[in-house]
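Right, one structure below, let's go through it.
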Amino acid sequence: MRYKKLGLVNTRDMFADANAHDYAIGAFNFYNMETLTAILAAARATHSPVILAISESAIDYIGYEMLMAMIRGANIKQNEQIALHLDHGHSYESCARAIDMGFSSVMIDASNMSFEKNIELTKRVVKYAHRYNVSVEAELGAIAGFEDKNTHSSKSIFTDPVMASEFVAQTRIDSLAVAIGTSHGAYKRKYGHEKLRFDILSEIDNLLPGFPIVLHGASTVPGKFIRTINNNGGDINGANGIPPVQLRHAVKMNVCKINQDTDNRLAFTAALRKNFTQHPDTVNPREYLGMAKTAVYENTVNAIINIMNSANKLRHC
Ligand code: G3H
Ligand code: 13P
Ligand code: ZN
């Protein structure tokens with residue numbers, strides 16, 4: 001199955017338009033029917049392009065056939081400008097399978113390999129993907145962030161702009177994920193106010209003018225979710241994220257794709273915990289999963305409007 005038959009689009013035109021008009025495309029991770037339908041509903045309600053991102057482990061959780069049946073069931077239309085993206089693909093085989101199943105975009109994440117091996121593997125993926133007009137994202141540098149107890153390595157490897165420019169020239173990728181101080185998960189920073197390395201973004205833009213840049217690990221970790229979780233039996237003290245103002249600044253520069261997973265995980269979890277506290281007698285999963293779905297929908301609408309600035313940005317509408 002090829003992605004056009006599923007009503008999907010690749011990310012090329014999305015990124016060109018986003019860069020030209022100071023907005024970014026949100027790449028929101030999903031892992032079940034509730035998160036998929038909530039993200040889609042948020043994109044549809046705000047008339048925003050969106051990237052449905054799914055990791056290898058989430059694909060394993062759902063199962064490929066079930067996943068693609070859900071995508072078919074979502075009845076996506078080309079003019080809705082929705083991409084289906086493999087997040088952090090770790091091998092050529094994984095990316096090729098996603099492309100064959102109907103994904104319109106893949107990420108090959110060989111950032112833990114040497115520069116040369118990263119180029120070699122990325123080039124192989126690009127060759128296969130571009131045969132079917134599928135977009136490819138790759139990563140250079142370690143998206144670790146600031147030194148803290150949750151960063152497994154004690155050093156952050158920020159992206160080197162000169163290497164980035166050589167990497168793009170050699171691989172012919174469509175977008176590049178860079179390390180400028182973001183990191184995955186709910187515990188991103190030691191102090192909470194550290195600045196992203198906008199100087200690196202600027203240098204990259206000088207060397208690769210207008211080239212689409214991606215930020216992973218860009219959840220904001222809203223305090224309201226942390227408080228609700230902790231007040232209802234959870235224990236995630238010390239969680240913090242990237243301040244929205246810094247993300248908005250990055251969007252005005254060359255960043256045109258922003259990845260968020262953790263914020264919707266927090267929204268989902270907070271809604272469940274609150275529901276179980278308020279209704280200790282509840283045993284109907286449709287009730288509490290329905291509330292979690294609504295929470296993901298509301299958080300995604302908020303991110304589209306207030307971080308991505310992508311509401312009402314569907315082209316030709
Ligand atoms: O960047 C990674 C995403 O947050 C996906 O995580 O492999 O647990 O689904 P996951
Ligand atoms: P967060 O953990 O900050 O949500 O990042 C998600 C991500 O980068 C998915 O690729
Ligand atoms: Zn990521």
Side-chain angles (χ1 to χ4, degrees), residues 11 24-32 34-36 38-39 50-64 67 83-91 94-95 98 103 105-112 135-146 148 150-152 156-157 159 175-189 192 194 196 212-223 225-226 236 238-244 246-247 250-251 255-270 295-296 299-300 302-304 307-308:
T11 58
I25 315 293
F28 301 102
N29 288 71
F30 70 99
Y31 24 83
N32 55 20
E34 286 77 11
T35 46
L36 171 62
I39 294 162
V50 82
I51 296 172
L52 301 168
I54 184 158
S55 65
E56 290 172 342
S57 53
I59 294 173
D60 285 346
Y61 176 75
I62 299 176
Y64 245 122
L67 165 64
L84 178 64
H85 173 78
L86 175 67
D87 191 30
H88 295 280
H90 286 106
S91 65
S94 171
C95 292
F103 280 52
S105 172
V106 294
M107 173 190 193
I108 175 68
D109 180 359
S111 58
N112 60 347
S135 328
V136 180
E137 172 184 330
E139 177 177 324
L140 197 58
I143 296 173
F146 300 94
D148 65 25
N150 303 294
T151 301
H152 298 298
S156 305
I157 306 168
T159 303
S175 61
L176 179 69
V178 298
I180 58 161
T182 59
S183 64
H184 292 104
Y187 302 86
K188 297 189 189 298
R189 293 157 161 225
E194 295 91 333
L196 296 178
I213 298 300
V214 178
L215 281 193
H216 281 246
S219 276
T220 62
V221 187
F225 298 146
I226 304 300
I236 49 168
N240 60 30
I242 312 295
Q246 293 192 29
L247 294 174
V251 168
V255 167
C256 64
K257 171 173 177 268
I258 290 205
N259 287 19
Q260 292 189 335
D261 183 0
T262 298
D263 283 356
N264 275 335
R265 290 183 182 203
L266 293 170
F268 197 107
T269 305
V296 169
N299 180 64
T300 307
N302 179 59
I304 284 172
I307 308 273
M308 313 301 162

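Both counts, for ligands and for their atoms, begin at 1 and track the order of listing.
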> With a cut-off of 4.0 Å, which atoms of ligand 1 are near a heavy atom of Asp87?
Replying inline: 1 (O), 2 (C), 3 (C)
>> Can you name the atoms of ligand 1, numbered from 1 with element, that are less than 4.0 Å from a heavy atom of Asp261?
In response: 3 (C), 4 (O), 5 (C), 6 (O)
>> Counting non-hydrogen protein atoms only, what is the nearest one to atom 1 (P) of ligand 2? Give residue, atom name and distance.
In response: Thr262 OG1, 3.4 Å
> Tell me, which N, O or S atom in His216 is closest to the Zn ion (ligand 3)?
Replying inline: ND1
> Among protein heavy atoms, which sits nearest to atom 3 (O) of ligand 2, and what does the distance come to when rounded to 0.1 Å?
Replying inline: Lys188 NZ, 2.5 Å
> Under 4.0 Å from ligand 1, counting heavy atoms only, is it the side chain of Gln260, its backbone, both or neither?
Replying inline: neither
>> Please check: side-chain N/O of Asp261 versus main-chain N/O of Asn29, any donor-acceptor pairing under 3.5 Å?
In response: no
> Less than 3.5 Å between some nitrogen or oxygen of His216 and one of ligand 1, yes or no?
Replying inline: no
>> Only heavy atoms of His88, strictly under 4.0 Å: list the atoms of ligand 1 that pass.
In response: 1 (O), 2 (C)
> For ligand 1, which atoms, with element, lie under 4.0 Å from some heavy atom of His184?
Replying inline: 1 (O)
> Taking both backbone and side-chain atoms of Ser219, is any N or O found less than 3.5 Å from an N or O belonging to ligand 2?
Replying inline: yes
> Just which atoms of ligand 1 are under 4.0 Å from any heavy atom in Ser57?
Replying inline: 7 (O), 8 (O), 9 (O), 10 (P)
> Around atom OH of Tyr61, are there more than 12 heavy atoms of other residues, nucleotides or ligands at under 6.0 Å?
Replying inline: no
>> With a 4.0 Å cut-off on heavy atoms, is Arg265 in contact with ligand 2?
In response: no
> What's the shortest distance from atom 7 (C) of ligand 2 to any protein heavy atom, and which residue and atom give it?
Replying inline: His184 CD2, 3.4 Å
> How does Asp87 reach ligand 2, by side chain, by backbone, by both or by neither, if only non-hydrogen atoms under 4.0 Å count?
Replying inline: side chain
>> Among all the protein's non-hydrogen atoms, which is closest to atom 8 (O) of ligand 2, and how far away is it?
In response: Gly217 N, 2.8 Å
>> Below 4.0 Å, non-hydrogen atoms only: which portion of Ala186 touches ligand 2? Side chain, backbone, both or neither.
In response: neither
> Can you list the atoms of ligand 2 that are under 4.0 Å from a heavy atom of Gln260?
Replying inline: 4 (O)
> For Asn29 and ligand 2, does the shortest N/O to N/O distance drop below 3.5 Å?
Replying inline: no
> With the Zn ion (ligand 3) at the center, what angle do NE2 from His184 and NE2 from His88 span, rounded to 10 degrees?
Replying inline: 100°
> Under a 4.0 Å heavy-atom limit, does Thr262 contact ligand 1 with its side chain, its backbone, both, or neither?
Replying inline: neither
